[in-house]
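One structure below.
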Amino acid sequence: MKTNIPALRQQRRISQQQLADAVGVTRQTITSIETGKYTASLPLAYHIARYFSLPIEEVFIFSDQED
């Protein structure tokens, strides 16, 4: 699944580690989500979206087709 997390982090000038700490996961988890190697659970996706004060749909790019 693709995400807008790297761009959102860059806009807010926060590191992967800072985001990970804020949402209660490891930096490696954030890296894996950003690179598409791991799909965030719904609760984690919701938590990340709330961190950025955005709807989930603006953070995660949902598609019926796998790329």
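We number each residue from 1, following the sequence as shown. Predicted model only: the values in this text are computed from it and were never measured.
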Verdict with supporting geometry, Val59 and Asn4, side chain to side chain contact (heavy atoms under 4.5 Å, CB included)
CA-CA 5 Å; Val59 179; Asn4 291 319; 5.5 Å; no
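- With sequence neighbours left out, Gln28 forms a side chain to side chain contact (heavy atoms under 4.5 Å, CB included) with Thr26.
- Residues forming a side chain to side chain contact (heavy atoms under 4.5 Å, CB included) with Asp21 (at least two apart in sequence, or on another chain): Gln17.
- For the pair Leu8 and Thr3, the minimum side-chain heavy-atom distance is 4.5 Å or more.
- Residues passing the side-chain hydrogen bond (donor to acceptor under 3.5 Å, both in side chains) test with Arg27, sequence neighbours excluded: Thr31.
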Apply side chain to side chain contact (heavy atoms under 4.5 Å, CB included) to the pair Leu19 and Val25, showing each step before the final yes or no.
CA-CA 8 Å; Leu19 176 58; Val25 298; over 6 Å; no
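- Remark: Glu58 engages no residue in a side-chain hydrogen bond (donor to acceptor under 3.5 Å, both in side chains) (not counting sequence neighbours).
- With values rounded to the nearest 0.5 angstrom, Ile33 atom CD1 is found 10.0 Å from Gln16 atom CD.
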Counting only pairs under 3.5 Å, give me each side-chain donor-acceptor contact of residues 37-57, with atom names and distances, residues two or more places apart or in other chains.
from  : atom 1 : to    : atom 2 : distance (Å)
Ser41 : OG     : Leu44 : N      : 3.2

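- The shortest heavy-atom contact between Gln18 and Arg13 is OE1-O, 4.1 Å.
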